[in-house]
**Q** 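Below is the structure I would like to discuss, written out as structure tokens.
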Amino acid sequence: MSFSFFKPSRPKTPQEIVKAIRDSLLALDTKTVVEVKALEKALEEVEKNFSSLRGMLSGDGEAEPNADQAVQLALEFCKEDVVSLVIHKLHILGWETRKDLLHCWSILLKQKAGEAYCFVQYFEEHFELLDCLVVCYDNKEIALHCGSMLRECIKFPTLAKYILESACFELFFKFVELPNFDVASDAFSTFKDLLTKHDTVVSEFLTSHYPEFFEIYERLLTSSNYVTRRQSLKLLSDFLLEPPNSHIMKKFILEVRYMKVIMTLLKDSSKNIQISAFHIFKIFVANPNKPQEVKIILARNHEKLLELLHNLSPGKGSEDDQFEEEKELIIEEIQKMSRLKNLEA
């Protein structure tokens with residue numbers, strides 16, 4: 001008598017798992033999606049296959065993950081164009097499948113064949129897929145999933161550079177103010193990573209796109225939305241004060257237009273915004289090469305500025321003494337400007 005039906009099934013190979021995922025995703029065609037029962041069955045198959053993928057990449061409790069298999073999975077994903085399929089079918093996938101996908105995504109992105117990251121190389125040959133992920137912020141059902149996938153992608157300089165240079169980058173200025181708070185916050189996290197993760201890439205981008213970037217960025221700083229104003233002001237400080245962006249900062253602090261924006265934020269009803277604005281305003285004032293127009297504005301508004309600064313305090317904390325020292329220096333410089341004669345001559 002044979003008891004072969006009690007034998008455990010042979011573990012699937014990476015090729016078999018990727019093929020199963022590809023076939024199950026392709027089964028989510030137009031005809032299947034409109035038939036409820038057919039769709040449910042197809043989605044169950046996709047979920048099962050992604051669960052197998054997660055088990056191979058992270059271990060299933062019985063077997064530890066195998067590094068060679070992880071690389072092979074990444075290679076197969078790219079070879080069979082499953083990366084593209086996943087992105088285009090994401091809006092149809094169930095919650096559990098998306099959760100498993102996010103878990104696997106960061107692992108797959110880290111896999112190298114030789115000197116090259118498999119997924120990164122694939123995206124470099126299909127940059128339009130990054131555009132697809134960005135545009136997904138318009139779909140609140142998958143926005144957070146796409147945001148997580150994007151942030152994993154932009155850990156790699158070439159992929160971050162593409163998004164910064166692409167037409168879709170401008171969409172972030174809209175996405176960070178979407179009415180859905182969770183989606184807007186997630187979009188801002190991605191926006192922040194794009195502008196802070198890779199110093200050289202960001203510096204090159206800001207150098208090449210200075211006028212148009214800051215013109216649009218001004219809209220965030222003057223937004224009616226408190227969260228947008230606070231986050232964008234803090235981010236401005238973060239990337240302007242990075243050493244590779246020193247030439248951008250020097251250019252920025254020569255512009256009266258932006259100094260006026262920062263001065264307006266000094267009067268904001270929020271103390272947090274006032275403090276953040278001060279840390280940028282002080283650079284305008286402390287600049288030893290202030291343009292004449294900047295000196296005139298400081299002199300003309302010195303009374304209001306001094307009143308604002310005298311009333312400005314960060315509260316108790318370890319940085320309180322340093323803040324007060326900086327504030328006194330800025331007050332002295334403004335007073336000095338107010339005493340200058342023939343400024344407007």
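We number each residue from 1, following the sequence as shown.
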**Q** If you take the centroid of each ring, where Trp contributes its six-membered ring, are F239 and Y217 closer together than 6.0 Å?
**A**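 Yes.
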
**Q** Given 3.5 Å as the limit, does a donor-acceptor pair link the side chain of R54 with the main chain of C104, or not?
**A**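 Side chain of R54 to backbone of C104, a donor-acceptor pair under 3.5 Å: no, none is there.
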
**Q** Let me confirm one number: the CG-OG distance from L265 to S276, rounded to the nearest 0.5 Å.
**A**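 Output value for this atom pair is 9.5 Å.
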
**Q** Would you call L236 and Y258 a side-chain contact if the rule is heavy atoms closer than 4.5 Å?
**A**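 Not in contact.
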
**Q** For K290, does the NZ atom have more than 12 heavy-atom neighbours from other residues, nucleotides or ligands under 6.0 Å away?
**A**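 More than 12 within 6.0 Å, yes.
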
**Q** Side chains of T200 and P244: does their closest heavy-atom pair fall under 4.5 Å?
**A**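 T200 does not reach P244 side chain to side chain.
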
**Q** S223 and side chain to side chain donor-acceptor pair (under 3.5 Å): which partner among R229, E177, E218?
**A**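 Result for side chain to side chain donor-acceptor pair (under 3.5 Å) with S223: E177.
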
**Q** Of all heavy-atom pairs between A20 and N49, which one has the smallest distance, and what is that distance?
**A**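 Nearest heavy atoms, A20 then N49: O-ND2, 3.1 Å.
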
**Q** Mind checking the CD-CD spacing from E204 to E165? Nearest 0.5 Å is all I need.
**A**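 Answer for the CD-CD pair, E204 versus E165, is 8.5 Å.
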
**Q** How about CD on E293, more than 12 heavy atoms from neighbouring residues, nucleotides or ligands closer than 6.0 Å, or not?
**A**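 Count not over threshold, so no.
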
**Q** Given side chains that start at C-beta, do those of V176 and Q231 come closer than 4.5 Å, heavy atoms only?
**A**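 No; the side chains remain at least 4.5 Å from each other.
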
**Q** Could you check whether any side-chain heavy atom of V202 comes within less than 4.5 Å of a side-chain heavy atom of T196, counting everything from C-beta outward?
**A**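 The answer is no; the side chains never approach within 4.5 Å.
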
**Q** Charged N to carboxylate O under 4.0 angstrom, D268 versus R230?
**A**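 Result for this pair is no, no salt bridge flagged.
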
**Q** When rounded to the nearest 0.5 angstrom, what is the spacing between SG in C132 and CG in L90?
**A**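 CG of L90 is found 11.0 Å from SG of C132.
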
**Q** Please name the residue in the list L133, D131, I154 that meets the side-chain contact (heavy atoms from CB on, under 4.5 Å) test with I163.
**A**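 Of the listed residues L133, D131, I154, the side-chain contact (heavy atoms from CB on, under 4.5 Å) partner of I163 is I154.
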
**Q** Under the criterion side-chain contact (heavy atoms from CB on, under 4.5 Å), which of E324, Q322, K271, K327 is the partner of P314?
**A**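 Exactly one pass, corresponding to E324.
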
**Q** Is there a chain of hydrophobic side chains (I, L, V, M, F, W, Y, each step under 4.5 Å between heavy atoms) that links F181 to F188?
**A**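 As far as the 4.5 Å side-chain criterion goes, F188 and F181 are connected within one cluster.
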
**Q** So with a 6.0 Å cut-off around CD of E170, is the heavy-atom count from everything else above 12?
**A**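 Open: at most 12 neighbouring heavy atoms sit under 6.0 Å from CD of E170.
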
**Q** Do any N or O atoms from the side chain of N245 and from the backbone of I248 form a donor-acceptor pair under 3.5 angstrom?
**A**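 No, the answer is negative, given that no donor and acceptor are paired below the 3.5 Å cut-off.
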
**Q** Is there a path of hydrophobic side-chain contacts, each under 4.5 Å between heavy atoms, that joins L308 and L329?
**A**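 No, it is not one cluster - the side chains of L308 and L329 are not joined through contacts under 4.5 Å.
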
**Q** Are any of the side-chain nitrogens in K48 or E45 under 4.0 Å away from the carboxylate oxygens of its partner?
**A**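 Yes, K48 and E45 are salt-bridged.
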
**Q** Which pair of heavy atoms, one from S237 and one from I280, lies closest together, and at what distance?
**A**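 Closest pair (atom of S237, atom of I280, distance): N-CD1, 4.0 Å.
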
**Q** For K19 and E16, what are the C-alpha separation, side-chain angles and deciding distance, and is it a salt bridge (charged side-chain N to carboxylate O under 4.0 Å, His left out)?
**A** CA-CA 5 Å; K19 184 180 185 305; E16 288 170 336; over 6 Å; no

**Q** Is the closest basic N to carboxylate O distance between K37 and E40 below 4.0 Å?
**A**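 Answer for the salt bridge query: no.
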
**Q** Compare all side-chain heavy atoms of K250 with those of N287 and state whether any distance is below 4.5 angstrom.
**A**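 The answer is no; the side chains never approach within 4.5 Å.
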
**Q** Taking everything shown except K282 itself, do over 12 heavy atoms lie less than 6.0 Å from its NZ?
**A**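 Yes, the 6.0 Å shell around NZ holds more than 12 heavy atoms from other groups.
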
**Q** Indicate, with yes or no, if V120 and M149 share a hydrophobic cluster defined by side-chain heavy-atom contacts under 4.5 Å among Ile, Leu, Val, Met, Phe, Trp and Tyr.
**A**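 Yes, same cluster.
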
**Q** Is L75 reachable from I107 through a run of hydrophobic residues whose side-chain heavy atoms are each under 4.5 Å from the next?
**A**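 Result: no, two separate clusters.
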
**Q** Verify side chain to side chain contact (heavy atoms under 4.5 Å, CB included) between E80 and I21, making sure each step is shown before the conclusion.
**A** CA-CA 10 Å; E80 299 297 330; I21 290 174; over 6 Å; no

**Q** Atom CD1 of I92 and atom OG1 of T97: how far apart are they, to the nearest 0.5 Å?
**A**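 These two atoms lie 11.5 Å from each other.
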
**Q** State, to 0.1 Å, how close I17 and S52 come at their nearest heavy-atom pair, and which atoms those are.
**A**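 In terms of heavy atoms, the two residues are closest at CD1-O, 3.9 Å.
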
**Q** Shortest non-hydrogen contact from H103 to S106?
**A**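 So the minimum-distance heavy-atom pair works out to O-OG, 3.6 Å.
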
**Q** Using side-chain heavy atoms (C-beta onward) and a distance below 4.5 Å, is L195 in contact with L164?
**A**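 A side-chain contact exists here, since the closest heavy-atom pair is under 4.5 Å.
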
**Q** With a 4.0 Å cut-off on N to O distance, would you call E307 and K304 a salt bridge?
**A**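 A salt bridge is absent here (no side-chain N lies under 4.0 Å from a carboxylate O).
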
**Q** Report yes if some heavy atom in the side chain of F119 is under 4.5 Å from a heavy atom in the side chain of C153; otherwise report no.
**A**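 With C-beta onward as the side chain, the pair stays apart.
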
**Q** Give, for atom CG of L254 and atom CE of M259, the distance between the pair rounded to the nearest 0.5 Å.
**A**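 Atom-to-atom, L254:CG and M259:CE are 11.0 Å apart.
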
**Q** Before we go on, tell me: are the rings of F169 and F205 under 6.0 Å apart, centre to centre?
**A**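 Yes, ring centres under 6.0 Å apart.
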
**Q** Once rounded to the nearest 0.5 Å, what's the spacing between atom OG of S84 and atom NZ of K89?
**A**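 So the OG of S84 and the NZ of K89 are separated by 10.0 Å.
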
**Q** Determine whether a donor-acceptor pair (N or O, by modelled atom type, separation under 3.5 Å) exists between the side chain of S51 and the backbone of E47.
**A**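 No, S51 side chain to E47 backbone: no donor-acceptor pair under 3.5 Å.
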
**Q** Using every non-hydrogen atom in the two residues, find where F175 and A187 come nearest and quote the distance to one decimal.
**A**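 That closest heavy-atom pairing would be CB-CB, 3.7 Å.
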
**Q** Applying side chain to side chain contact (heavy atoms under 4.5 Å, CB included) to I262 and L233, what does each step give before you reach the verdict?
**A** CA-CA 9 Å; I262 301 302; L233 187 58; 4.0 Å; yes

**Q** Please report the C-alpha distance between Q72 and E76 in whole Å, then the side-chain angles of each, then the deciding distance to 0.1 Å, and finally whether the side chain to side chain donor-acceptor pair (under 3.5 Å) criterion is met.
**A** CA-CA 6 Å; Q72 195 59 46; E76 290 295 319; 3.2 Å; yes

**Q** If you apply the rule side chain to side chain contact (heavy atoms under 4.5 Å, CB included), what do you find for Y122 with V82, and how did you get there?
**A** CA-CA 11 Å; Y122 182 86; V82 178; over 6 Å; no

**Q** What do the steps show when you test H302 against L306 for side chain to side chain contact (heavy atoms under 4.5 Å, CB included), and what is the final call?
**A** CA-CA 6 Å; H302 75 276; L306 293 176; 4.1 Å; yes

**Q** Are I253 and L240 connected in the hydrophobic side-chain network, where two residues link if heavy atoms are under 4.5 Å apart?
**A**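 Looking at the clustering, L240 is in the same group as I253.
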
**Q** So, for L109 and Y117, which heavy atoms are closest and what is the spacing to 0.1 Å?
**A**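 Closest heavy-atom pair between L109 and Y117: O-CD2, 3.5 Å.
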
**Q** Going by heavy atoms in the side chains, are F77 and C118 under 4.5 Å from each other?
**A**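 F77 vs C118: side chains apart.
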
**Q** What is the ring orientation for F252 with F214, classed by angle as parallel under 30°, tilted 30 to 60°, or perpendicular over 60°?
**A**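 Tilted, since the angle between the ring planes falls between 30° and 60°.
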
**Q** Once the angle between the rings of F173 and F213 is folded into 0 to 90°, is it parallel (under 30°), tilted (30 to 60°) or perpendicular (over 60°)?
**A**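 Judged by the thresholds at 30° and 60°, the geometry between F173 and F213 is perpendicular.
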
**Q** Could you check whether any side-chain N or O of S338 sits under 3.5 Å from a backbone N or O of Q335, counting only pairs where one atom can act as donor and the other as acceptor?
**A**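 Such a contact is found between S338 side chain and Q335 backbone.
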
**Q** Any pair with a residue in residues 144-161 that passes side chain to side chain donor-acceptor pair (under 3.5 Å), sequence neighbours left out, goes on the list, sorted by first then second residue, please.
**A**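 Side chain to side chain donor-acceptor pair (under 3.5 Å) check on residues 144-161 returns E124-T158, R151-D186, R151-T190, E152-K155.
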
**Q** Below 6.0 angstrom between ring centroids: does that apply to F323 and F278?
**A**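 Ring centres of F278 and F323 closer than 6.0 Å.
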
